[in-house]
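The block underneath contains the structure these notes are about, expressed in structure tokens.
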Amino acid sequence: MEYNFQEIEQKWRKFWADNQTFKAKDASDKEKYYVLDMFPYPSGAGLHVGHPLGYIASDIYARYKRLKGFNVLHPMGYDSFGLPAEQYAIQTGQHPDTTTKENILRYRDQLDQIGFSFDWSREVRTSDASYYKWTQWIFIQLFESWYNNKTQKAEAISELISHFEKEGNANIEACSDCEKSFSAEDWKQFSEAEKETILQEYRLAFLADSWVNWCPALGTVLANDEVINGVSERGGHPVEQKLMRQWSMRIKAYAERLITGLEKVDWTESIKDIQRNWIGKSVGCSLEFKVDASTGSANHKIEVFTTRPDTVFGVTFLVLAPEHPLVAELTTADKKEAVEKYIKASSLKTERDRQANVKNISGEFIGSYAIHPFTGEKVALWIGDYVLASYGTGAVMAVPCGDQRDWDFAKHFDIEIKNIFENIDISEQAYSEKVGKIADSDFLSGLEIKEATKKAIEKIESLNIGKGKTNYRLRDAVFSRQRYWGEPFPVYYQNGLPKMIDAKHLPIVLPEVKNYLPTPDGQPPLGNAKEWAWNNVESRIENVELIDNQTIFPLELNTMPGWAGSSWYFLRYMDSQNENEFVSKKQVDYWKNVDLYVGGSEHGTGHLLYSRFWTKFLFDKGFIGFDEPFKKMINQGMILGRSSLAYRLNYALIDHSTPEKTTFDGISGPTVFITKTYYDQCKPNIINAEIHKNKALIKKFEILLEKSGVYYNDYMIDSISEIHLDISLIDNDILNIEAFKNWREDYKDAEFILEEDGTFICGSLIEKMSKSLYNVQTPDELVTKFGADTLRMYEMFLGPLEQAKPWDTKGINGVSNFLRKLWRLFNFDEQGNAQLNQGEVSKDNLKTLHKCIQKVTDDLNRFSFNTGVSNFMICVNELTEQKCASKEILEQLVILISPYAPHIAEELWVKLGNEAGTISYAQFPSFNPEYLVSDAFSYPISFNGKVRFNIEFPVGMDSKEIESQVLAHENTAKYLEGKTPKKMIVVPGRIVNVVV
RNA sequence: GCCCAGGUGGCGGAAUUGGUAGACGCGCUGGAUUCAAAAUCCAGUUUCGCAAGGAGUGCGGGUUCGAUUCCCGCCCUGGGUACCA
């Protein structure tokens, strides 16, 4: 009986679904294990072979953990709010909900085909009102909280208010934008609006006018991580800075904990680095420079932030950002014109231009001076757009000897460069290393840089002209989007002040709109749903006083960004049906955080940061008992496409009898493609002369032209073009010429210059999978052709999980053959009964099996699934060779392989006489080292003539035993040449040191 | 520029703490089986050499009895990030 994967796989998929085999139990004596995949955005294109890579790996691991006796939670869902569905809606009028649901059906169908062990009863969709109800609820919690730096956690805003009532904002250490101080008295006299304005500066979710990345083409704002090189991540549209009133998240409050928390998670160093860089912690101090009274108002001080207070005696000028608030006042009359011109010019520069002209040094002297706090010298004030208004204090103290940009600036404008480093030459460039000694610096002279830094801060603090400070590059996250297809805010406005809609009225359900574009008067798309906005408020808010003005909406019309729903979804899986809580305490205390998270590293600065932030917040508020969401993470590499290329000769036919008449004037020869060999010969120089030198190619080309019957009397080959071909036309780089001719109308009459053996070989190129490059491979066709088990094993076999790698189906036969070999081990007769031996197990069989168990277990623990597949192949090859037909051996092997190839394993399990479905929770085999005993002391490996050599000895053997056997061995005698060893050292592994 | 990862046959890639480099698979070559093909099976396949034997894990050095593995310098590829003071 042949291995009929189609029948088998269909049968078991149905069995698993009917019996809910993988439904996770909420209460169990077993230890829990939570394996999670990053849930997909259900795009219209469906899954390609890259998507399942991580899912297969996590599925293998989840199945392995079940076999190891864990209660495994392995859910799946959809991140179903997003831009593409909305843009599709704008184009076609189709409701995003409709297209999203269709796409989800397709995804589900494709996922099901691969045989994942997901617990679908827990599925979540971020765009379901029953889900985003809780996203809205979490938003309210954030609004009602502030961050207390003393306790290092988020606390209720009501506590902050009662503190304000008692003693104003003295003795409050908060993460806040509030700069003024007020007393309890002040607070009581503030109007409601004034109070709220202050509270907004403390809330973790707050409204603020902020400079945002505005993308005109998309009509929305973007978060920093959604902007790449000055253009939008989606679509690549230009992004500009715009001041807008937006909801934001005070993620800065968690900057420090987001860094320190990385120490307790098991992630790769590279992704931790990405996060550390993104948060961008820098430790230094602030320092005040008084403005020189002769040139400006002496009351003004310029505060700078520096990480190098040790270099303070090297300061020769200060640079302010062009937008710095003091610039206008401190500019002297004679410099006014030039300075204003400069400010204008830099404000017109887009973010992109600024980035493009990094090497361009520009700036203006504004005419006035500051006083050096230690030397009392005058230091010139400059403006320059290399200083950013939004980082630090918007002003820097320039130390040209210690900072390359300051050095360049000083050189360019011919400003003094003071050297304050001992024995360092700074004539060619700045010295920015942090080792060495400081010189010519008063109380810092002679100190090591580290010491000097400490001392400088002490001095600055004691003089009360600054203090030690830590700055973060991380900006607060903009949380408003001018979009339709996202979560509505649970926010209404009363007298212009934002208020939360009571949680009992949630969810605020997304309305139907006729038009998904912004309204003519510039409101976001939800502005098209006037009635919805009014009704929601009137029906939910008691005694609400609404501003009776038709143009102002009482409800927030922005929606939340894509990362809102994905920041907490892993919690919802634990209790997805709960209508009363986002997750019950009982469930979250049992399942805790995700033990293994699998997904791409491209989310390093987005999703992974935001979900850590929300987790820490929910922890602070006592809703959950842990503050890191993902304990261990594996980042699977991207699967790249392998495009196929054919090479087209671009040539002109010339008719000398009618001068200048060429192909372009009507003589058309056939489209000619040349096989890869000829292309490679011409490749180094694709200029006509080189092509014409290739005699063999030219001869074939001429024969071809002759055959085509076109009239010409000369020709000129101009160049060779690479043409992308649909990969379905190619098998092992050999082109199916007939299929190719039918592929596109213009190639119907194409001619081919072939290899010597008559085939046409295509070239290839590794690049991103894309429809337009004809290199997209969907899993569907492979599942049909080879089966899900083969696909699963093949995707793992391709290479290390974490590496980016090209997709290539060349080797899939090998995996397919392997599964058939495995099937054949069972010696099925016509009736499908396995012909196996019971009871007798050969030593060789045992050794093969246990070697396999040992290696495969190790591979699983190391997430090295590619070597896992290889080890199965070795095992099956050996068992085939040994003609193993032992029931006991095969039963163990089937369990072992079931995480990788679950369908065939289920079938074979039943064929062995076991109850259907029980394999999913069977006992994972453990290896017995006794069976791994090798033939001891078979051969010495190397010998340096004097002291050491390598010997293979049996696992677990006593070292005394080894010593005596080494001495007794004939090879030892050969090397020792009659001498007695002084000492013998047995090193774990396979090394024996014999000292003569 | 800075940070991180990587560089091994014709190809994807193994080599877990320094110990027979190239496992396993693809491809290729030869053979068996077959009327024939597919499928299957057997043998070979880093390179130079008829062979004995050399050389060999991006390049140059080093440590070591022994280095793909550790150290120093360089080159290349991929990823992250960027006037962040």
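To find a chain, count down the sequence lines: A is the first, B the second, and so on, and within it residues start at 1. Only a predicted model underlies this, so the values are computations on that prediction, with no experimental measurement involved.
Here B:C41 presents its P atom at 13 Å from CZ of A:Phe818, a figure rounded to the nearest Å. One atom, CE of A:Met796, and another, C1' of B:C24, lie 16 Å apart when rounded to the nearest Å. Between the NE2 atom of A:His603 and the P atom of B:G80 there is a distance of 13 Å, rounded to whole Å. At whole-Å resolution of the value, CG in A:Asp403 and C1' in B:C84 are 11 Å apart. Computed from coordinates, the A:Gln429 CD to B:G1 C1' distance equals 12 Å when rounded to whole Å. The distance from atom OH of A:Tyr431 to atom P of B:G1 is 20 Å, rounded to the nearest whole Å. The distance from atom CG of A:Asn877 to atom C1' of B:C26 is 14 Å, rounded to the nearest whole Å. Atoms CD (A:Gln404) and P (B:A82) sit 20 Å apart, rounded to a whole Å.
Counting only heavy atoms from C-beta outward, the side chains of A:Leu53 and A:Met796 approach each other to under 4.5 Å. Within the 4.5 Å cutoff, the side chain of A:Asp406 has no heavy atoms near those of the A:Thr316 side chain. The shortest side-chain heavy-atom distance between A:Leu320 and A:Val387 does not fall under the 4.5 Å cut-off.
With C1' as the reference atom, B:U68 and B:U46 are 14 Å apart, rounded to whole Å. Across B:C70 and B:G49, the matching P atoms stand 34 Å from one another, rounded to whole Å. Nucleotides B:G31 and B:G54, compared at atom C1', are 31 Å apart to the nearest Å. Nucleotides B:G13 and B:U33 are separated by 39 Å at their P atoms, to the nearest Å. Nucleotides B:U47 and B:U40, compared at atom P, are 26 Å apart to the nearest Å. When the P atom is compared between B:G79 and B:U29, the two are found 36 Å apart, to the nearest whole Å. Taking the C1' atom of each, B:C4 and B:A82 are spaced 15 Å apart, rounded to whole Å. B:G62 and B:G53 are spaced 29 Å apart, taking the C1' atom of each and rounding to whole Å.
Among the nucleotides B:U81, B:C84, B:A85, the one closest to any side-chain atom of A:Thr605 is B:U81. For A:Ile274, counting side-chain heavy atoms from C-beta on, the closest listed nucleotide (B:G80, B:A82, B:C84) is B:G80. Among the nucleotides B:C83, B:A82, B:A85, the one closest to any side-chain atom of A:Arg473 is B:A82. Taking the side chain of A:Asp273 as heavy atoms from C-beta on, and the options B:C11, B:U40, B:C3, the nearest nucleotide is B:C3. Here the side chain of A:Met873 is nearest to one of B:C3, B:C24, B:C83, namely B:C24. Side-chain proximity of A:Phe305 to B:C4, B:A85, B:A82: nearest is B:A85.
Applying the Watson-Crick and G-U wobble criteria (two distances, each under 3.5 Å), B:U46 pairs with B:A55. B:A82 makes up no base pair with any nucleotide shown, lacking Watson-Crick or G-U wobble contacts both under 3.5 Å. Pair assignment for B:U16 gives none, since no Watson-Crick or G-U wobble pairing has each distance under 3.5 Å. B:G25 and B:C11 make up a base pair, with Watson-Crick or G-U wobble contacts both under 3.5 Å. With a cut-off of 3.5 Å on both pairing distances, the Watson-Crick or G-U wobble partner of B:A32 is B:U40. Under the Watson-Crick or G-U wobble criterion, with both distances below 3.5 Å, B:G6 is paired with B:C76.
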Name every donor-acceptor pair, under 3.5 Å, that has one atom in a side chain of residues 866-873 of chain A and the other anywhere in the protein, sequence neighbours excluded.
unit_1, atom_1, unit_2, atom_2, d
A:Asn866, OD1, A:Ser864, OG, 3.3
A:Thr867, OG1, A:Asp859, OD1, 3.0
A:Thr867, OG1, A:Ser864, O, 3.0
A:Thr867, OG1, A:Ser864, OG, 2.7
A:Asn871, ND2, A:Asp859, OD2, 2.6
A:Asn871, ND2, A:Thr867, O, 3.1

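Other residues, nucleotides and ligands place more than 12 heavy atoms under 6.0 Å from the NZ atom of A:Lys805.
Within the 4.0 angstrom heavy-atom criterion, no nucleotide atom of any strand lies near A:Asn471.
With sequence neighbours left out, A:Glu256 forms a side chain to side chain contact (heavy atoms under 4.5 Å, CB included) with A:Thr260, A:Lys281, A:Tyr472. By the side chain to side chain contact (heavy atoms under 4.5 Å, CB included) test, A:Gln803 pairs with A:Pro800, sequence neighbours left out. Every residue meeting the side chain to side chain contact (heavy atoms under 4.5 Å, CB included) condition with A:Asn827, not counting sequence neighbours, appears here in chain and number order: A:Gln835, A:Ala885.
Residue side chain A:Arg276 does not reach the base of B:C4 through any donor-acceptor N/O pair under 3.5 Å, judged by distance alone.
A cation-pi arrangement is found for A:Arg612 relative to A:Trp267, the charged atom lying closer than 6.0 Å to the ring centre and inside a 45° cone about the ring normal.
Each of A:Gly814 and A:Thr393 was assigned the nucleotide of RNA chain B with the nearest heavy atom; the assignment lying further toward the 5' end belongs to A:Gly814.
Between A:Tyr386 and A:Phe409, the ring planes are tilted. Angles from 30° to 60° get that label.
Base orientation of B:G27: anti, the glycosidic angle falling outside 90° of 0.
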Could I get a table of every N or O pair under 3.5 Å where one atom is in the protein and the other is in nucleotides 12-16 of chain B?
unit_1, atom_1, unit_2, atom_2, d
B:G12, O2', A:Leu798, O, 2.5
B:G13, OP1, A:Gln803, OE1, 3.1
B:A14, OP1, A:Asn866, ND2, 3.1
B:U16, O2, A:Asp858, OD2, 2.6
B:U16, N3, A:Asp858, OD2, 2.8

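When all heavy atoms of A:Thr393 and A:Glu303 are compared, the pair lying nearest together is OG1-O, 2.6 Å.
Contacts with RNA chain B (heavy atom under 4.0 Å) in residues 820-827 of chain A: A:Arg820, A:Lys821, A:Arg824, listed by number.
Remark: A:Thr268 is not in phosphate contact with B:C4, judged by side-chain N or O atoms under 4.0 Å from OP1 or OP2.
Using a 4.0 Å cut-off between a side-chain N of Lys or Arg and a carboxylate O of Asp or Glu, A:Asp273 and A:Arg276 qualify as a salt bridge.
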